[in-house]
Amino acid sequence: MPEIKVTPLGAGQDVGRSCILVSIGGKNIMLDCGMHMGFNDDRRFPDFSYITQNGRLTEFLDCVIISHFHLDHCGALPYMSEMVGYDGPIYMTHPTKAICPILLEDFRKITVDKKGETNFFTSQMIKDCMKKVVPLNLHQTVQVDEELEIKAYYAGHVLGAAMVQIKVGSESVVYTGDYNMTPDRHLGAAWIDKCRPDLLISESTYATTIRDSKRCRERDFLKKVHETVERGGKVLIPVFALGRAQELCILLETFWERMNLKAPIYFSTGMTEKANHYYKLFITWTNQKIRKTFVQRNMFEFKHIKPFDRSYADNPGPMVVFATPGMLHAGQSLQIFKKWAGNEKNMVIMPGYCVQGTIGHKILNGQRKLELEGRSTLEVKLQVEYMSFSAHADAKGIMQLIRMAEPRNMLLVHGEAVKMEFLKGKIEQEFSIDCYMPANGETTTVTTNPNVPVDISLNLLKREMSLGGTLPDPKKPRTMHGTLIMKENSLRLVSPEQAMKELGLSEHHLRFTCRVQLQDPHSDADTLHRIYMHLKSVLKGYTTQHLPDSMSVMVESIVVKVSSSTEDPNTKVLLLSWSYQDEDLGSFLSTLLKKGLPSTTV
Amino acid sequence: MLFYVVICCPMLSYVILCSMLFCVVLCYSLLPYVILCCPMLFCVVLCCPMLSYVVLCCPMLSYVVLCCSVLSYVVLCCSMLFYVVLCYSVLFCVVLCCPMLFYVVLCCPVLFYVVLCCSVLSYVVLCYSMLSYVVLCCPMLSCVVLCCPMLFCVVLCCPMLFPVLTLTPPPQRELMDLSTIDVILISNYHCMMALPYITEHSGFTGAVYATEPTLQIGRLLMEELVNHMERVPKAQTATCWKNKEIQRLLPGPLKDVAEVWAWKRCYTIQEVNSALSKVQLVGYSQKVELFGAVQVSPLSSGYSLGSSNWIIQSHYEKVSYMSGSSLLTTHPQPMDQSSLKNSDILILTGLTQMPTANPDGMLGEFCSNLAMTIRAGGNVLVPCYSSGVIYDLLECLYQFIDSANLGSTPFYFISPIANSSLEFSQIFAEWLCHNKQSKVYLPEPPFPHAELIQTNKLKHYPSIHGDFSSEFRQPCVVFTGHPSLRFGDVVHFMELWGRSSLNTIIFTEPDFSYLDALAPYQPLAMKCVYCPIDTRLNFHQVSKLLKEIQPLHVVCPEQYTQPPPAQSHRSDLMLELPAPPLPYRRCSVLSLPFRRRYERIHLLPELAKSLVPSEVKPGVSVATVSGMLQSKDNKHTLMSVPRPPPAAPTKKRKRVAEEPPELLAPKPLLSGAVPLDGFLATLHKHGVSEVKVEETADGHILHLQAEDALIQMEAHATHIVCDNNEPMRTTLRDLVLRFLQKL
């Protein structure tokens, strides 16, 4: 029985370092290759030794697919391809291919230059790694090799985020990456066709959440920012340079314009302009509205948002600063946070998910005293707000996607175990399909039961189709009889006659003859007629023919011949003859006629 | 009170005509004429009885009445800036251009119709009665089975889907019922200009597939066309000329045009929107299922942004449709050749219209002519489409500007869609060649015209009015349409610059004969350079390509199978293949040479498991399959026949036996032979011992004396005669069957 095996090396009952191994139809595919932001040690990267203990990655893997550019989905890529060693193809969409190396380089700088870590991947490794990338277009069917094909669908989570369908023969798996089922200010909603995969691997970040409407959250966000700015406070919004940042920028830009606000908005690092450039060039990946109006007005050209300089952090008066990175674990956002944390007038708004171990996670959990490197502590007085702007599908969205794709099995990753458990229950209840949630390193086996594709001769198919009439009748199923010829790798279903001809066999005719004696005091012709009438009344739905010339009745191809016995003219001898193909009917007729003719038939 | 002044100066062979205040007209002629000028009445009437050619300028007046007594017609036109009146007395027609009112009219006074003609060979653009109708025909691009009157569009009908096409032979107008078309596959944005004619008002309910750039740029080009057309005020329409007797007398290509009655009015923007809303987007190599029967997928054809060749295939047959394709490295993604391999049939069309012109050489000539004219102080006019080759021209100029010292020369691109076209070109990175793609990763705009715009070297305007008129500096280079020179802003530049030999017009689009395009503007002083750039495959490239992809059959337009009529000795200008291609011509129905033998069916796993294969020959096994056939959306599955419900309770059993058997399927066919000794042994085992064997010519007869039965055995037949003993008969039957193979 064919099987699909799934082993998460990361993101199994966890968020961070997404890396899932899938074995399907003899092919091994790695889905995402991310890193964990919460760790600074080996746990940061997926455990590739799971594969490498048995040989090199390149030999084991047929391809690697990256769903989007977030570091928890692509952060370990240079480590895997250059340091562990993988030379096969890596698939990702164009925007991901464009943006991913920049984030990797950013991340590398923070880790190596700021934290002074060694034994980390280098800039050159990032470049070499990107050379192995093959770009994917939406809906394009990419033939990885003869049997393995992959196809990307729009996922809406960030620019260039994709869901992937992996298909080998008639078996298929869909991996969602991170996705969003509601369109936002700059991206559209995820979409997939009814592809009925054997297995759907879905993220489940918000497995238990059903979020209030997006508009409310936006209003809340704007209100909080506005209030803080009004009372002269500073607002820090830690973001990643690409993605959420652009959506919030659009939001604030329009709000500032409408309310005619004067407080400056800054965006840290030189990334802004560059990042916005990516959005301009990949405008086809944004939502309908932006795409339609981009010629007149490009939404990513901001008027109110200016680049940030380190010295501005000490400026008096209100301001709003977008700073990277998003989880306050390093870099500029952390520096600004340290400066502003002591003032209760200020506010930090965390617009996305923070993994465990980061300062973002700690302050969101209400921690008010932070231990920093070098044993110093930091008192957090500023207001901490969490705004879920993170574009993941909520429970409703996940259910919606299941309805769209109609998978036969479901597997949850990228979420917390407790929440997954809840969603798993819901899915099994609502869709009556099996739902799995393996932990890291745990293998889930899904048995598939694929149909067997066979070439059927068109003649046979047409013959059967015409038998059943044009419209199918549920009461009268159409049965088909044919001969399956198995030769080398081909399976062909042909009519028995054709099979015989093709195989060079000759037919063996098997016939039966049976004499039945009847007492019937009529002339032969009358008896014949009586038999005809009798058979006709009994065998409805059969063709019964009266052939007085040859003194016989034909039912289908069975001949019933009537003659008088030489001894007794009242004894009639019926001679039945049929071939093996009419065995059922022939047997029935002989039994029937032996019972004699009913007296009422004339 | 004199309201007019006439100054005649025959000796100087010109006339100066001055009204007190308003106008000056210069005419030169050796023939007598009368000039009337009446400024207070705001009109100038100029009569020139002998000449059929009159030029009249009246800049301050709001209209001009022009009479030509010999030809007995009157045309009114209003103008503020520049206009021209051309009379073709021989052809009985007048050309009037009036830029302020945005229209171009060609009038034939007698018949009240308007004709725009260009290129006898490849295009006929015809407009009649004040431009309310437009028909564009392109015979070279003519579609496989269907020609619609405005044939910018190639409609490819899938031969597998429409095995029977009810085509009526010409001259009947209705070639086929458009509402029976299920799917339209669009190859590139030049091939969709007639889409509204099919999707609107024809009852068409099918699907249209195109790539995103094709849709977006196609939309722009259609909007541009509509915009150009709508600049013309509407008036009544004339139809008399369409009568056979009158049409026969008409000039030029017009008299030879068939089916003039089928010509259509140009569509409106609403129709464009409605038509395009029916387009479904597809990406390269995306597999689209059609009715479960066939799969279509577009492949990059390398000709323009988003241009595609199409593959139509089932599990067993593959038809490729190769439309405009290019192997040259220009801006689009390179052509995908390998996916075209193993085609049963390749439909080949859209080859280059300029097989003798090398695009690279033309590009060089374009640049050098442009530089030469600018250096001499003249202007350069480039009539071109608003998308496509213009991107390459701009890129070429970008590299050329500095080396040719053209840094200060302004480049203008004038079209209602100029801005959109330039902007859209930058956002389709996925559809561009590798070089341009990698620029996006930096991130930089893929086309250098972004930089030309940024540095103010290239400026774009929606029309010649507004900003352009104030910012316009000479000498300059102007890119504008329409390349037929019959409508669009290019007309005004022809008037403005046509009379100076300093200026140059450079034709780059191959779709129109430049001589025909220029005909109504003659006599012209301006230089004309013809550098047609057609990147589509030439005959040499195509034969090389076909050798590579090796289709079983090639189907192509008849024109490709013989050298062009004008160069009948050039045997290199035709398709030469090892197996002769199947030519098609307009309105002909061609049946494609393949037979479908197999279809895909799926056996459900439980049925597959229940099969008992037996080996009939080494490596060949057979199994009889009986199953329930389910056909849904052209997908067939075979599942196990549900078992009949368990036998009814004993009471009813007797009645059940009296029911005739269900009309079930026939028993399997038998093959093989029954060996006598083996059979006798088996009989013996089953308690039949009294067997008398009698030899016959073909085999044996077995008399089973105790059972009163007789078995006649031959090599390929067995006959069991058994009266009155049904159990015995079935036993014998089963014993015989043991020795036979069932198929």
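Proteins get letters first, then strands, A, B, ... in listed order; numbering begins at 1 in each. These numbers come from the heavy atoms of this one structure, side chains and all, not from hydrogens, waters or symmetry mates.
For A/Phe512, the parts sitting under 4.5 Å from any heavy atom of chain B are the backbone and the side chain alike. Within the 4.5 angstrom heavy-atom criterion, atoms from both the backbone and the side chain of A/Gln140 approach chain B. Residue contact with chain B, scored on non-hydrogen atoms closer than 4.5 Å, involves the backbone and the side chain of A/Ser587 alike. Contacts between A/Pro453 and chain B at a heavy-atom distance below 4.5 Å involve backbone atoms as well as side-chain atoms. Looking at A/Gln517, neither its backbone nor its side chain comes within 4.5 Å of chain B, counting heavy atoms on both sides. For A/Pro450, the part sitting under 4.5 Å from any heavy atom of chain B is the backbone (N, CA, C, O) and nothing else. If you measure heavy-atom distances from A/Asn137 to chain B, the contacts under 4.5 Å come from the side chain alone. Contact annotation for A/Ser590: only side-chain heavy atoms (C-beta onward) come within less than 4.5 Å of a heavy atom of chain B.
Remark: A/Lys97 is not positioned above the aromatic ring of B/Tyr441, lacking an NZ or CZ atom under 6.0 angstrom from the ring centre and at most 45 degrees off the axis.
With rounding to the nearest 0.5 Å, the separation of OG in B/Ser631 from CG in A/Leu461 is 6.0 Å.
When only modelled atom types and interatomic distance are considered, A/His508 and B/Thr718 share a side-chain donor-acceptor pair under 3.5 Å. For A/Tyr153 and A/Asp193, the side-chain atoms include at least one donor-acceptor pair closer than 3.5 Å. Inspection of the B/His719 and A/Thr513 side chains reveals an N or O donor paired with an N or O acceptor under 3.5 Å.
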(request) Take B/Glu599 and B/Lys635 through the salt bridge (charged side-chain N to carboxylate O under 4.0 Å, His left out) test and state the conclusion after the steps. (result) CA-CA 9 Å; B/Glu599 182 67 83; B/Lys635 296 270 180 238; over 6 Å; no

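Under the 30°/60° scheme for interplanar angles, the aromatic rings of A/His139 and A/Trp191 are found to stand perpendicular.
The candidate with the highest count of non-hydrogen atom pairs below 4.5 Å against chain B, out of A/Glu497, A/Lys151, A/Glu488, is A/Glu497.
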